[in-house]
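For reference, positions follow the sequence shown, starting with 1.
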Amino acid sequence: MSLNHSPETQTKLIARVPTITGRELPEWFQAIDNGPAFLRCDERANWLADEHGLTHGYAAAIVLEHERHRRNRMGFI
């Protein structure tokens with residue numbers, strides 16, 4: 001599974017997450033934070049997809065967005 005969406009695809013997927021999944025991004029971020037401590041993004045995306053019944057595309061988009069937000073909170077560029 002690739003975690004490399006184009007920026008346009010990533011934006012479109014993230015915009016549809018609440019409608020498709022019934023949960024807002026902060027809820028998904030909390031699920032990731034409370035989930036297993038995987039080191040790799042693809043492992044987190046696979047877990048999210050398997051555990052919560054998401055397609056891998058949406059799971060990967062959520063994980064990538066979570067990483068982006070995490071880096072911003074920590075002051076990384």
> How long is the span from the CD1 atom in I62 to the OG1 atom in T21, to the nearest 0.5 Å?
Replying inline: 5.5 Å
Which side-chain N or O atoms in residues 12-19 pair as donor and acceptor under 3.5 Å with protein atoms at least two apart or in another chain?
{"from": "K12", "atom 1": "NZ", "to": "E8", "atom 2": "OE2", "distance (Å)": "3.0"}
{"from": "R16", "atom 1": "NE", "to": "Y58", "atom 2": "OH", "distance (Å)": "3.1"}

>> Nearest 0.5 angstrom please: D42 CG to L64 CG, how far?
In response: 10.5 Å
> Any side-chain heavy atom of F29 within less than 4.5 Å of one from E65?
Replying inline: yes
> ring-ring contact (aromatic ring centres under 6.0 Å, His included) with H52: which residues, sequence neighbours excluded?
Replying inline: W28, W47
> For the residue pair Q10 and A61, what are the closest heavy atoms and their distance?
Replying inline: NE2-O, 2.9 Å
> How long is the gap from CG on D33 to NE2 on H66, to the nearest 0.5 Å?
Replying inline: 3.5 Å
>> Can you pull out every salt bridge (Lys or Arg N to Asp or Glu O under 4.0 Å) where at least one residue sits in residues 44-60? Sequence neighbours excluded, please.
In response: R44-E67
> Considering all heavy atoms of both residues, which atom of A45 and which atom of A59 are nearest to each other, and what is their separation?
Replying inline: O-CB, 3.4 Å
> Taking the side chain as C-beta and beyond, is there a heavy-atom pair between E27 and E24 under 4.5 Å?
Replying inline: yes
